[in-house]
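Letters A, B, ... are given to chains in the order of the sequence lines, protein chains preceding strands, and every chain is numbered from 1.
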2 protein chains.
Amino acid sequence: MSGGLEIQPARRRGLTDEVAENIRQAIFDGSLELGERLNEVDIADRLQVSRGPVREALVQLKQEGIVTMEWHRGAFIVQLSADDFRELAGLRTVLEVFAIRQAAAAATQADLDNLAAAVKALSKAFVDQNDYVLIQLDVEFHDALYRSAHHERLWNAWSSIRSQVLLSLLTKRHASNEYYRDLVIAEHEELLRVISSRDARACEKAIRVHLSDTYDRLVSSFDSADVPPASGER
Amino acid sequence: MSGGLEIQPARRRGLTDEVAENIRQAIFDGSLELGERLNEVDIADRLQVSRGPVREALVQLKQEGIVTMEWHRGAFIVQLSADDFRELAGLRTVLEVFAIRQAAAAATQADLDNLAAAVKALSKAFVDQNDYVLIQLDVEFHDALYRSAHHERLWNAWSSIRSQVLLSLLTKRHASNEYYRDLVIAEHEELLRVISSRDARACEKAIRVHLSDTYDRLVSSFDSADVPPASGER
DNA sequence: CATGGTCTATTTGTTGACATCATGAATGTT
DNA sequence: AACATTCATGATGTCAACAAATAGACCATG
């Protein structure tokens, strides 16, 4: 009875996590405006819970960097500036270089399988899914990468910027359009390849290239326009 | 009226921060046993507050990695293992190399003054203070270093391991005795020097040496004994 | 008209009580 | 005696009401 069960510890979650997940999704899919104030009783009523879990959920989201909280003024959804983008790119690069080196050294076969599955999901969705889904799958590949490093505190550090990274990619998705069409699949396949080869040097190089390709376009998108070149924005 | 006021935003703190600070100090100074369970009503009664702020404070401490929380089982003070030490050393090195490079590039004169003040405080305390104070001042120097990087998210990442680093140094202080006597002052002075010189390469080298000197001794202290070589441990 | 002060409405911060769950002692069974 | 089951205990999770504080409207005054 010891073989391959692979269950997670059946973690029971309280309302706090439930509420946090709801708010998070609402931010990502645009139901909540950027910069908007989050009213505690409003959220509590809407989700049919009391304010306690809502408050704790907001604290959690604050730790993830997608809301800010001020004394007696409440919680606000962040609006990421160009400087924020640069900070995210810089810190993420540092973390991910470390992660991929650890992964190259410590990844198990199961880890490699997960990474391969993530790449496959990405290329499968590539043909008929919209950018929103693609970006989520992209980030999920990097989740698998961090997990392959088997480093709890590194994972926590990634968790504390993950939502911001996702939010930044989603809000600037118009700027990564061509990138996704041209390079995403190939680059992730390359990452999987170099990790499998366990060549730390090649890993570092590959991840730097990948992150540069991701972010150079994004930060420069601040120069040209702060909003999509789109038509009518209400 | 625009010149040099330099006030911090007069931040008002609630009971949550107050409680968190209390518990944190109690952990650091040994009033609370490692691994001990933290009873919410107990703490609330002792500090004359209700359980609300206590719960939020525990969540905060959980984010700092010095307590763990389990569903319906409560909060426990962490006990850092040898693997935890290795994780902390590895991640801290990555963050701090990044920090010192940013600091070398972006530190203002005020930053350098703060760093110098931190070194001075350390060497001043060196003659007549105990290890407990010395270690705190050591960490405060590194606070100043991270602040000099002017990188909000890097600071947050450091914050999320800072308490664990402090706790690990305090609990293993017997292993760093000779180190403090011999090297601490000189190495911190060296760090200040290379930052002032703004030589990124020299900075990286200096911080790697410093962290190696700090941690090599600590992780090896696990091999010899899990507890101080002391006499009767209850 | 601009400036400053007061006041009220709304929101957050905090509290104490109730509901739910985990633990372990006591009991019953094999 | 060993093991499974039941149940009491004490803790955490959640809730609804109260206290404190901010922001904006309103008014007075120069």
Side-chain angles (χ1 to χ4, degrees), chain A residues 1 7-24 26-27 32-79, chain B residues 1-2 7-24 26-27 31-79:
Chain A
M1 213 244 251
I7 54 172
Q8 50 262 30
R11 171 164 313 320
R12 320 204 50 164
R13 304 190 334 170
L15 290 183
T16 297
D17 289 349
E18 211 90 21
V19 173
E21 183 60 25
N22 268 322
I23 301 177
R24 212 180 282 122
I27 294 176
L32 294 171
E33 207 86 10
L34 296 186
E36 184 175 339
R37 177 174 187 167
L38 296 173
N39 187 312
E40 292 181 2
V41 308
D42 208 49
I43 297 172
D45 291 348
R46 204 178 306 234
L47 299 181
Q48 304 274 14
V49 297
S50 81
R51 280 178 51 217
V54 174
R55 281 180 68 85
E56 294 189 23
L58 289 175
V59 171
Q60 207 167 309
L61 297 178
K62 176 187 116 190
Q63 296 289 351
E64 294 176 18
I66 53 178
V67 312
T68 61
M69 297 182 73
E70 293 172 46
W71 166 265
H72 250 296
R73 288 209 47 213
F76 301 81
I77 301 177
V78 294
Q79 279 178 304
Chain B
M1 217 248 246
S2 63
I7 54 173
Q8 50 263 30
R11 79 168 60 281
R12 325 202 46 158
R13 304 192 334 171
L15 290 183
T16 298
D17 289 350
E18 211 90 23
V19 173
E21 183 59 25
N22 268 320
I23 301 177
R24 212 180 282 124
I27 294 176
S31 308
L32 294 170
E33 207 86 8
L34 295 186
E36 185 175 339
R37 179 173 185 167
L38 296 173
N39 187 313
E40 292 180 3
V41 307
D42 209 50
I43 297 172
D45 290 349
R46 204 177 303 234
L47 299 181
Q48 305 273 14
V49 297
S50 80
R51 279 178 50 219
V54 174
R55 280 180 68 85
E56 294 189 23
L58 288 175
V59 171
Q60 207 166 308
L61 296 178
K62 176 187 116 189
Q63 296 288 352
E64 295 176 18
I66 54 177
V67 312
T68 62
M69 298 182 74
E70 293 174 46
W71 167 265
H72 253 296
R73 290 209 47 213
F76 300 81
I77 301 178
V78 294
Q79 278 177 304

Quiz item: Is there side-chain contact between A/Val59 and A/Thr16, with heavy atoms separated by less than 4.5 Å?
Solution: no
Exercise. Give, for atom CD1 of B/Ile23 and atom CD1 of B/Ile66, the distance between the pair rounded to the nearest 0.5 Å.
Key: 8.5 Å
Self-check item: First of B/Arg37 and A/Asn39 reached from the 5' end of DNA chain C, by closest nucleotide
Solution: A/Asn39
Self-check item: Non-hydrogen atoms of A/Gly35 and A/Gln79 that approach each other most closely
Solution: N-CG, 3.7 Å
Quiz item: For the atom pair CD (A/Glu56) and CG (A/Leu61), what is the distance rounded to the nearest 0.5 Å?
Solution: 12.0 Å
Below 3.5 Å is the cut-off: list the nitrogen or oxygen pairs between protein and nucleotides 15-19 of chain D, distance only.
residue	atom	partner	partner atom	Å
D/dC15	OP2	A/Ser50	N	2.9
D/dC15	OP2	A/Ser50	OG	3.2

Exercise. Choose from C/dT23, D/dG13, D/dT22 the nucleotide whose nearest atom is closest to any side-chain atom of B/Glu40.
Key: D/dG13
Exercise. Heavy atoms only: give me the nearest A/Ala57-A/Ala20 pair and the separation to one decimal.
Key: CB-N, 3.6 Å
Self-check item: For the student: nearest non-hydrogen atoms of A/Leu58 and A/Val67, plus distance
Solution: O-CG2, 3.7 Å
Exercise. Please name the residue in the list B/Arg73, B/Arg55, B/Arg46 that meets the salt bridge (charged side-chain N to carboxylate O under 4.0 Å, His left out) test with B/Glu40.
Key: B/Arg55
Quiz prompt | Length of the line joining A/Phe76:CZ and C/dT11:P, which is rounded to integer Å | solution = 12 Å
Exercise. Give a yes/no answer on whether the side chain of B/Arg73 brings an N or O atom under 4.0 Å of OP1 or OP2 in D/dT12.
Key: no
Quiz item: Whole-Å distance between D/dA11 P and B/Glu36 CD?
Solution: 13 Å
Quiz item: Does B/Glu70 or B/Thr16 map to a spot on DNA chain C nearer the 5' end, using the closest nucleotide for each?
Solution: B/Thr16
Quiz item: In residues 54-61 of chain A, which residues come under 4.0 Å of DNA chain C by heavy atom?
Solution: A/Arg55
Quiz prompt | Student check: side-chain heavy atoms of B/Leu47 and B/Leu15 closer than 4.5 Å | solution = no
Practice problem: Name the closest nucleotide to the B/Trp71 side chain, picking from D/dG13, D/dT12, C/dT12. | Solution: D/dG13
